[in-house]
Novice: 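After the structure tokens below, expect a handful of questions from me.
Quick caveat, the model's predicted, so the values are computed rather than measured.
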Amino acid sequence: MANLKFGIIGCGRIAQRHAEHIKNTPGCELVATCDNISDKASELANKYNVLSYDTISEFLENKDIDVVSVCTPN
């Protein structure tokens, strides 16, 4: 079975936990991050060696993403 490929929108504190759980869950893989503060997206992406985006529209064009974890402030 192929891995479920995740993308994270919003790269603040809770996104760090989501990324770690995705990494540690068999059958799951983080493939992209997105934040309107590009430094945050890049920092998290670099930690997990994945793509980073600073616009949602570009992020959603990534056809590899199966699941989106929305980690924006409530």
Novice: Could you note down all residue pairs passing side-chain hydrogen bond (donor to acceptor under 3.5 Å, both in side chains) where residues 63-74 supplies at least one of them, sequence neighbours left out?
Specialist: His18-Ser69
Novice: Who pairs with Glu29 by side chain to side chain contact (heavy atoms under 4.5 Å, CB included), at least two apart in sequence or on another chain?
Specialist: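 Result, side chain to side chain contact (heavy atoms under 4.5 Å, CB included) vs Glu29: Asn3, Lys5, Val31.
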Novice: Partners of Ser38 by side chain to side chain contact (heavy atoms under 4.5 Å, CB included), sequence neighbours excluded?
Specialist: Asp54
Novice: Would a 4.5 Å heavy-atom cut-off, applied to side chains only, mark Asn36 and Thr55 as touching?
Specialist: no
Novice: Residues in side chain to side chain donor-acceptor pair (under 3.5 Å) with Asn24, at least two apart?
Specialist: Glu20
Novice: When rounded to the nearest 0.5 angstrom, what is the spacing between CZ in Arg13 and SG in Cys71?
Specialist: 12.0 Å
Novice: For Ser52 versus Ser42, what's the shortest heavy-atom pair and its separation?
Specialist: OG-OG, 3.6 Å
Novice: Once rounded to the nearest 0.5 Å, what's the spacing between atom OG1 of Thr33 and atom CD of Glu43?
Specialist: 10.0 Å
Novice: Hydrophobic cluster mates of Ile37, side-chain heavy atoms under 4.5 angstrom, ILVMFWY only, any path?
Specialist: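 Besides Ile37, the cluster holds no residue at all.
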Novice: Can you list, by chain and residue number, the hydrophobic cluster partners of Leu30 when the side-chain cut-off is 4.5 Å?
Specialist: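 Noted: Leu30 shares its cluster with Leu4, Phe6, Ile8, Ile22, Leu44, Tyr48, Val50, Val67.
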Novice: Of all residues at least two apart in sequence or in a different chain, which pass the side chain to side chain donor-acceptor pair (under 3.5 Å) check with Asn62?
Specialist: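 Applying side chain to side chain donor-acceptor pair (under 3.5 Å) to Asn62 gives Tyr53.
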Novice: Side-chain contact test, heavy atoms from C-beta onward, threshold under 4.5 Å: evaluate it for Phe59 versus Ile65 and give yes or no.
Specialist: yes
Novice: To the closest 0.5 Å, what do you measure between CD (Gln16) and SG (Cys11)?
Specialist: 7.5 Å
